[in-house]
Amino acid sequence: TGRQLLLARLLDEGTPPQFLHHPLVVNQQGKKLNKRDRATGLQALRDAGRSPAELMGEGLFRTGVLETPRPVEVGELGRVLGGHLSLRRA
């Protein structure tokens, strides 16, 4: 977050950035996904044929926003997310 704020100041952005805080993303066993444990990255999933909408739906499912995984298009995010996420201004 600090880097983004510094970059915004250096670029003389008039409006401070907003940050989206989401629930922790976990695997099927409830363990946090991270690079150290070699969790599969988005690019590997895209290379395997998963669409952006499928990955968005999977992420929303794994964070508890959706009860079952399903494809979610970008245009649906506002409606789907509803009160699940908090948006903070820097």
Side-chain angles (χ1 to χ4, degrees):
T1 306
R3 289 181 184 161
Q4 289 88 348
L5 290 172
L6 176 60
L7 183 58
R9 278 190 224 114
L10 291 172
L11 294 172
D12 197 28
E13 293 289 323
T15 304
Q18 291 184 335
F19 299 94
L20 187 64
H21 297 274
H22 59 80
L24 188 63
V25 180
V26 297
N27 64 16
Q28 289 91 345
Q29 293 77 37
K31 186 176 178 186
K32 177 182 132 179
L33 296 179
N34 60 54
K35 292 179 206 172
R36 179 184 65 230
D37 294 334
R38 300 191 185 274
T40 302
L42 291 177
Q43 188 59 55
L45 295 171
R46 290 286 290 126
D47 291 346
R50 301 283 302 272
S51 73
E54 288 174 318
L55 295 176
M56 181 65 70
E58 181 74 22
L60 292 169
F61 168 69
R62 289 182 185 234
T63 57
V65 173
L66 293 178
E67 290 184 21
T68 57
R70 68 168 181 83
V72 175
E73 299 292 337
V74 171
E76 295 181 78
L77 283 177
R79 181 179 51 79
V80 171
L81 292 174
H84 288 279
L85 303 176
S86 63
L87 191 60
R88 288 191 331 189
R89 203 169 270 293

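Of the inter-residue distances, the one linking L6 atom CG with L11 atom CG reads 9.0 Å to the nearest 0.5 angstrom.
The heavy-atom pair separating R79 from E76 by the smallest distance is NH2-OE1, 3.0 Å. Nearest heavy atom pair, residue V80 against residue V65, reads O-CG1, 3.8 Å. Considering all non-hydrogen atoms of both residues, G49 and E54 come closest at O-OE1, 4.0 Å.
Side-chain contact between P52 and R46 is present, with heavy atoms from C-beta onward closer than 4.5 Å. Residues M56 and L77 form a side-chain contact, since some pair of their non-hydrogen atoms from C-beta on lies under 4.5 Å apart.
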